[in-house]
There are 2 protein chains.
Amino acid sequence: MDDAKEKSTQQPVDVQVPAAVVSRLSLYLRELQELVRAGQETTNSTQLGKKLGFTDAQVRKDLAYFGQFGYPGIGYRCEELIPAIKRILGTDRSWPVAVVGLGNLGRALLGYRGFDEQGFRVVAAFDVDPDQLQQDVDSVETFHLDRLSEVVKEKAIRLGIIAVPAAAAQEVATKLVDAGVDGVLNFAPVTLALPDHVSRVGVDLAIELEQLSFAVVNRPENP
Amino acid sequence: MDDAKEKSTQQPVDVQVPAAVVSRLSLYLRELQELVRAGQETTNSTQLGKKLGFTDAQVRKDLAYFGQFGYPGIGYRCEELIPAIKRILGTDRSWPVAVVGLGNLGRALLGYRGFDEQGFRVVAAFDVDPDQLQQDVDSVETFHLDRLSEVVKEKAIRLGIIAVPAAAAQEVATKLVDAGVDGVLNFAPVTLALPDHVSRVGVDLAIELEQLSFAVVNRPENP
DNA sequence: TAGATTGTTAATCGATTAACAATC
DNA sequence: TAGATTGTTAATCGATTAACAATC
């Protein structure tokens with residue numbers, strides 16, 4: 001407001017940012033990365049909004065929470081906005097991540113290429129079944145759950161992914177938190193009770209399908 | 001309003017229900033199912049809200065979109081509310097579902113127990129790689145993508161899950177829609193361009209971790 | 001009956017959209 | 001310069017919360 005030339009505000013934000021804004025930020029990042037792959041150098045709020053189904057005003061407002069990234073008359077330079085959003089999301093670094101649970105889903109996550117591309121490195125996987133711990137999976141080292149705390153500390157892991165059956169999820173979550181993890185991504189279909197200082201994101205695969213089924217059943221015309 | 005004794009309003013809703021309400025509905029359902037497993041017969045808006053981090057008023061308001069399910073002075077009877085919510089979500093039936101993509105994630109989805117438990121049956125899986133089509137996977141029949149339309153019709157599939165690489169996702173989505181599918185659950189990290197009448201839910205695993213990383217980095221005290 | 005808890009209305013809060021001066 | 005598009009303020013819209021009469 002004083003120094004209009006100052007671009008981007010770096011690091012954590014003081015005003016409380018709505019979760020909806022943060023999730024759109026990730027979508028903007030994804031689109032920008034695709035635009036770069038398509039060879040586009042600049043974009044603007046109208047184009048970005050159209051691709052994602054948002055208004056241009058919303059795109060500009062969302063970005064304005066974090067600083068000034070655009071150029072009036074031009075739009076946004078992809079190669080500038082991408083690192084800016086990464087910095088905001090905290091993915092301008094590479095986060096070491098632990099996966100707990102070596103069932104089908106856990107194994108799929110160990111092999112998921114998208115994580116590395118976006119700043120996450122699965123560096124350890126845990127299970128309680130010795131049969132699952134015979135060798136590395138997708139070149140990720142595997143450990144017995146008993147060694148969680150030790151390995152989390154050694155590898156400076158701050159994020160944990162829970163891919164165990166529902167019945168085990170709370171116990172695993174508690175162990176992750178006791179081990180010092182700051183955030184958990186939970187794929188088990190249960191609500192975790194955890195201290196407030198731990199960040200949580202939940203993905204319930206069946207719930208995603210339920211949302212789809214509701215949308216299909218409640219479509220304008222067509223019960 | 002006239003007939004106060006009339007419980008539940010059955011079938012599709014006339015007023016446009018916010019997406020946030022629908023996703024909370026799924027959470028209520030999940031909690032209710034857990035309460036039943038724990039032997040609890042009734043619950044109330046305060047208990048439900050506390051477990052999920054919502055106010056009691058919100059729980060009541062959400063349910064009130066769809067009818068009257070509770071008993072003043074008592075609360076909600078789990079065994080009554082569960083089927084009521086299922087009817088609203090459209091999961092009072094079993095939906096045949098197709099999974100496209102037999103990579104790690106697709107295979108994990110074929111084996112996912114949670115789907116059946118919530119009213120979804122994966123009845124066909126597709127890929128373009130003949131090596132992946134040698135035999136059934138988790139007792140789900142596999143087909144070449146070329147046979148998508150044929151199989152979708154034959155098995156009356158209305159929901160499709162996209163678990164292919166980003167580069168193939170749009171093409172697969174279009175094929176699903178052409179085959180007559182009404183909704184798609186997309187795990188590929190791309191925004192799909194599809195006709196408006198097709199319902200969409202997107203899950204981007206890297207984005208989920210980004211949301212977590214943002215939360216961790218922007219926690220009150222601790223940059 | 002007294003106590004508990006609903007469904008619903010009104011009040012508050014927050015998020016989205018529209019509009020436009022600033023500016024590249 | 002004229003045209004395009006930003007950042008931001010004000011107006012609108014929608015969702016959440018508080019409060020309470022109705023009622024089990």
Side-chain angles (χ1 to χ4, degrees), chain A residues 1-9 13-25 27-28 32 35 40-78 80-81 84-85 88, chain B residues 1-9 13-25 27-28 32 35 40-78 80-81 84-85 88:
Chain A
M1 215 175 252
D2 304 311
D3 182 7
K5 277 277 146 294
E6 180 205 346
K7 289 269 165 188
S8 101
T9 49
V13 185
D14 25 61
V15 288
Q16 182 38 39
V17 182
V21 172
V22 184
S23 78
R24 286 193 298 265
L25 223 47
L27 295 174
Y28 301 149
L32 286 161
L35 286 171
Q40 207 174 309
E41 295 194 346
T42 69
T43 183
N44 57 63
S45 56
T46 306
Q47 180 179 45
L48 234 28
K50 223 165 240 150
K51 282 185 186 282
L52 291 162
F54 308 141
T55 64
D56 57 330
Q58 177 144 74
V59 174
R60 295 197 299 279
K61 195 93 204 296
D62 285 345
L63 294 172
Y65 269 97
F66 306 97
Q68 306 195 148
F69 305 104
Y71 301 88
I74 308 286
Y76 302 93
R77 303 197 207 282
C78 301
E80 260 178 33
L81 189 50
I85 295 181
I88 295 163
Chain B
M1 219 173 250
D2 306 311
D3 182 4
K5 275 282 147 291
E6 179 203 348
K7 287 269 167 189
S8 100
T9 48
V13 185
D14 25 62
V15 290
Q16 186 31 44
V17 182
V21 171
V22 184
S23 79
R24 287 194 297 266
L25 223 46
L27 295 173
Y28 301 149
L32 286 160
L35 286 171
Q40 207 174 311
E41 296 193 345
T42 69
T43 183
N44 56 62
S45 55
T46 306
Q47 182 181 43
L48 233 29
K50 222 165 241 151
K51 283 184 185 283
L52 291 162
F54 308 141
T55 64
D56 58 329
Q58 178 144 73
V59 174
R60 294 197 300 278
K61 196 90 201 300
D62 285 345
L63 294 172
Y65 269 97
F66 305 97
Q68 305 194 148
F69 305 104
Y71 301 88
I74 310 285
Y76 302 94
R77 302 198 207 284
C78 301
E80 263 177 31
L81 189 50
I85 295 181
I88 295 164

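Quick note on labels: first sequence line is chain A, next is B, and so on, each numbered from 1.
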S.K.: For A:Glu41, I'd like to know if atom CD has over 12 heavy atoms of other residues, nucleotides or ligands within 6.0 Å.
M.R.: no
S.K.: More 5' along DNA chain C: A:Ala20 or A:Ile74, using each one's nearest nucleotide?
M.R.: A:Ala20
S.K.: How long is the span from the OH atom in A:Tyr28 to the CZ atom in A:Phe69, to the nearest 0.5 Å?
M.R.: 12.5 Å
S.K.: Between C1' on D:dG14 and CD on A:Gln58, what's the gap in Å once rounded to a whole number?
M.R.: 13 Å
S.K.: Identify the heavy atoms of B:Cys78 and B:Leu35 that sit nearest to each other, and give their distance.
M.R.: SG-CB, 4.3 Å
S.K.: Is B:Tyr76 near enough to C:dG7 that one of its side-chain N or O atoms lies under 4.0 angstrom from OP1 or OP2?
M.R.: yes
S.K.: Roughly how far, to the nearest 0.5 Å, is the CG atom of B:Asp56 from the CD atom of B:Gln47?
M.R.: 12.5 Å
S.K.: Think B:Arg24 has a side-chain N or O under 4.0 angstrom from the OP1 or OP2 of D:dT16?
M.R.: yes
S.K.: On a heavy-atom basis, which atom in A:Tyr71 and which in A:Glu80 lie closest, and how many Å separate them?
M.R.: OH-OE1, 2.6 Å
S.K.: Round to a whole Å and report the spacing from CD of B:Glu80 to C1' of D:dC24.
M.R.: 13 Å
S.K.: Can you check the A:Glu41 CD to D:dT5 P distance for me, whole Å?
M.R.: 16 Å
S.K.: Give the rounded distance in Å between these two atoms: CG of B:Asp62 and C1' of D:dT17.
M.R.: 12 Å
S.K.: May I have the distance from A:Gln47 (atom CD) to D:dT6 (atom P), rounded to whole angstrom?
M.R.: 11 Å
S.K.: If you measure from CZ on A:Arg60 to OH on A:Tyr65, what distance do you get to the nearest 0.5 Å?
M.R.: 15.0 Å
S.K.: What's the closest nucleotide to the A:Pro72 side chain, out of C:dT6, D:dG7, C:dA22?
M.R.: C:dA22
S.K.: Select from A:Ala57 and A:Gly73 the residue whose nearest nucleotide in DNA chain D is closer to the 5' end of that strand.
M.R.: A:Gly73
S.K.: Nearest to the A:Arg60 side chain among D:dT6, C:dA15, D:dC20, which nucleotide is it?
M.R.: D:dT6
S.K.: Report the nucleotide, chosen from D:dT9, D:dT5, C:dT8, that has the shortest atom-to-atom distance to any side-chain atom of B:Lys61.
M.R.: C:dT8
S.K.: Is the phosphate of C:dT8 approached by B:Gln68 (side-chain N or O, under 4.0 Å from OP1 or OP2)?
M.R.: yes
S.K.: Please report, rounded to the nearest Å, how far the C1' atom of C:dA4 is from the CG atom of B:Asn44.
M.R.: 9 Å
S.K.: Applying a 3.5 angstrom cut-off to the pairing atoms, does DNA chain D sit in any stems of at least three consecutive Watson-Crick or G-U pairs? List them by first number.
M.R.: C:3-24 with D:3-24
S.K.: Quick one: is D:dT6 close enough that its OP1 or OP2 comes under 4.0 Å of any side-chain N or O from A:Ser45?
M.R.: yes
S.K.: Please give, in whole Å, the distance from C:dT8 P to B:Leu63 CG?
M.R.: 12 Å
S.K.: Between D:dG7 atom C1' and A:Asp56 atom CG, what is the distance in whole Å?
M.R.: 12 Å
S.K.: Could you give the distance from CG (B:Leu32) to CG (B:Leu48), rounded to the nearest 0.5 Å?
M.R.: 5.0 Å
